[in-house]
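Order of the sequence lines fixes the chain letters, A, B, ..., with proteins taken first and strands second; residue numbering starts at 1 for each chain. The model shown is predicted, which means the values in this text are computed figures rather than measured ones.
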Amino acid sequence: MDLPQGTLDLLVLRVLDTGKMHGWGIVQRLSLLSKGALQLQEGTLYPALYRMEAKGWIKPEWAMTEHNRRAKYYQLTAIGRKRLAAEKQDWDRLSEVVAAVMKEA
Amino acid sequence: MMDWLRQLRFRFLALFRRRSMEQEMAEEMRAHLELEADAHRSLGLNEKDAAHAAQRRFGGVEQIKEHAREASRLLWLEQLGQDLRFGWRQLMRAPSFAVVSILTIALGIGACTALFSVANKALLHPLDYDEPGQIVMIWESTPKFSRAVTSPGNLHAWQTQTTAFSDVAGVLGGSLRLSQGERFLALNSYSVSPNFLRMIRVRPDLGREFAADEFTKGKDHVVLLSRGLWQTAFGSRTDVVGEVIHLSEQPYTVIGVINDPVRTGNYVILPGTLAARTDDFMTHGLFVWARLKPGATIAQAQQELDVIAARVAAEHPNPYKGRGALAARYVDFAVSNLRLRIGLLLGATGLLLLIACVNVTNLLLARASTRQREIAVRLALGAKRGRIVRQLLCETMLLAVVGGVLGVVLAWLLIDPLAAAASSIMPRTDRITIDGWVLLGSITLTVLTTAGIGLVPALQATQGNLIEPLKDGGQNASGGRARQRTRQILVALQVAAACVLLISTGLLVRSLRTALKTDLGMAPDPVYILWFSLDSRRAYNSPEKIAAFTRTALERLNALPGVMSASISGGLPGSARPRDGFILESQRPPAGPADPVTMAEVYPITPAYFQGLGIPLIAGREFTARDGVGSAPVVLINQEMARRHFAGQNPLGHTLRLLDDPGKTWSEIVGIVGNAQSFAGAPLEPQVYRPLEQAPTQNLFLILKVTEFSPPLATAVRETLLACDPALTVNPLEPYHQTLARQWRSLSFNLTLFSLFSGFALLLAAVGIYGVTAYAVAQRTREIGIRVALGALPGDVVRLILRRSLLVVGIGLILGLAAAAALTRLMTSLLYATNPYDPATFALVALSLALVALLASWLPARRATKVNPIVALRHD
């Protein structure tokens, strides 16, 4: 499935809201949460992560995984949290409006 | 918005962490792969398969990295860096092109800025007063002279009876000599009325202004030094205040240092006592300066002055009958033809800049042709048009920036020597700074030109046919011809511009030469002069003693080998011209009131004076040894005086009295001599000569007519004088024509300025011609090779090249001569007695330019003959 950039950002932020995660973990989580519908390509994810890092929404940190592998974990910053709330609000409004129109039209 | 800023900051900082970021990214990808492989392994695949599976799912790592990179960098900045580096390498591969372009830009910017800045300041410095538009000069207008100096009585009337002025002040000019050890320094002196400094709104740099009681005789021996004088003669010492100095043998106390921004040379300001004689309507000599009140107009002032003048004429018909008062704005008087001169300056600057830009354009166009193929190849390989344009722009900007920086440095270096050259017509006090506007203008123009022309190859190549330039020999394709034509037109333009500048310079040269040769009524060439001063406090407190000294000194000097005649005088045309009022007794015995008082130059002289300077005797007799102390007082007058005051009558036998003569004696006019002007073109002045022994003075000139000058003679003269009295202050011997040449300072300065403009223009034009010809030769290498292979002689080849080049130059010359003929008319006011269409100058300039162009074309043409035909045939 092809996601618009803004929506992808929203999803990634939401995933990171539950705790810090590395890139592969985010892919797996999204796949899980969407019941397999969302198979995020790495070529899409990493650029998005770097973009969000540049904007200051997330910040990286190197740490050890449970299997003792070194991986780069990302976590939300305060700005990112605010951003998440804003995006969620926008998304809710959008889906409300679309649903309303679709129902009536 | 904030996001964007954060992003910018991140990407900018990322520039410096490139390597570590790359490493991190690589590690992150690797970690991802590992985790993926782990997942596969846990599903049961073995090592290798797990790894493969992970890889396949992951996709091309490098491409991902590339995408990821794009999110984290400032792409445009990196590309800019690349372009600059590439541009730099390209320039290094054609070093002569780069060097010539940079030097041309630097020269254009530097020369124009420096020359304009100095000339502009020199031109405009007379306007350096506060609100100069409000300053007015008030003249007496007589039927004979529209602007004449006035009397203290008139000044007082103008001061008290006008309402349009906030201040009216009088200035009396004079000259004094400052004694400094063994030598002395000539100074201008300005004796001013009490409100003068307030009127020009200038306060002393050091010390204080004059006190009210210092404007009375007896208390007036205080002086303000000029800033320039303070710097050069007093070493900028702050302890100079309170020091007693000797001006023309009189002690004066220095009370401060002041800078009148408009006066040039070394001067002192003294408290004037003349202005206090408010009921003296006879003694003329005051210059009157006034400042209009805010809101008052000069027309109003003129009306008030007319009323006053009528009143004064009624009350003092002698001499004010028929005279009026004229108020004239100072700015109109200060710089004649201001607009014209600024126009000429801008014109010259513009022409030089034009030549420089044309040069750069030509160079870039030539280079553009060379790059055509390279650009075609790059486009064919898929480069984006925008990227190529940007890269070419970088290259030319590199040239422009380096050239620009060098230009600024050059301007900064040139300012000081130019200012020194201009110091003769400008106060030396302030350091001239680079005029910001001209600098900005010349930089902008050259940068725009460079950028504009630099883009031509990109635009041309990217619009057109990609195939043509790639073909073998494509350089010689027809696109080259049109561009060749453009280059030739540009060269013609350069030659024309240089021609105009050179002709202007030529005319000025001719002017100056004519000026220096003008007949002043004297023969200054074999004459040498020196100033010396007798110490009046000691031995020379009586006319007899002075007479004794002069007789002895002249006897001994005449005996020196090489000296044809020696005389001594108290004044000298071109240097110190003591002035005094005189009264004529129209007929003997006197009947009725004396004639109006007027001024004349008064020269106390010894008899050999006229012979020494070559002034002819017109009527009557010269002085002899018998006209001395105790004999009947006699004077000689010049023709101008005879003409003005004795129209129709024979002056011989009449008498006159000089106002400042302590004895108040009436002297008989015994002879008439020719006029001796010190400033050619200035109005003739009445001159009165008295025997030195009857009008002794301490500050003297020695006038020597020599057969041949030599340094031993100068030493001998000095020693002879000192032998007569060791306590003399003696200045060095100077050729008289050098003294006289100082009046041509303004013309000399203009000449220097234009010479510099022309010199640079000629240099740039020569470089331009050379460049274009060299390029044409390179273009035609193959053709030349064929001709030589077919038997052409070196001479034929040279002629071939030269023919084309000289045709272009010829057209340029014709254009230039025509333009000059149209424009030199504007310069007439700067020239002295020279025809602005002077054919000799035009012809000489045309010839010189043609020669220079010939040389500039001949050099590359000569190189063409060295071409090895085999190599040439393979060249393309």
Q) Non-hydrogen atoms of chain B under 4.5 Å away: do they reach the side chain of A:Leu45, the backbone, both or neither? A) neither
Q) Is A:Arg93 salt-bridged to A:Asp90, cutoff N-O under 4.0 Å? A) no
(Q) Against A:Asp17, only a single residue in A:Arg29, A:Arg81, A:Lys82 fulfils salt bridge (charged side-chain N to carboxylate O under 4.0 Å, His left out); can you say which? (A) A:Arg81
Q | Proximal component of A:Arg70, with respect to chain B [non-hydrogen, under 4.5 Å] | A | both
Q.
Nearest 0.5 Å, please: how far is CD in B:Glu24 from CH2 in A:Trp62?
A. 6.0 Å
Q: Could you tell me whether the side chains of B:Glu395 and B:Gln391 share a donor-acceptor contact shorter than 3.5 Å?
A: yes
Q: Under 4.5 Å heavy-atom distance to chain B, tell me which part of A:Thr65 shows up: side chain, backbone, both or neither.
A: side chain
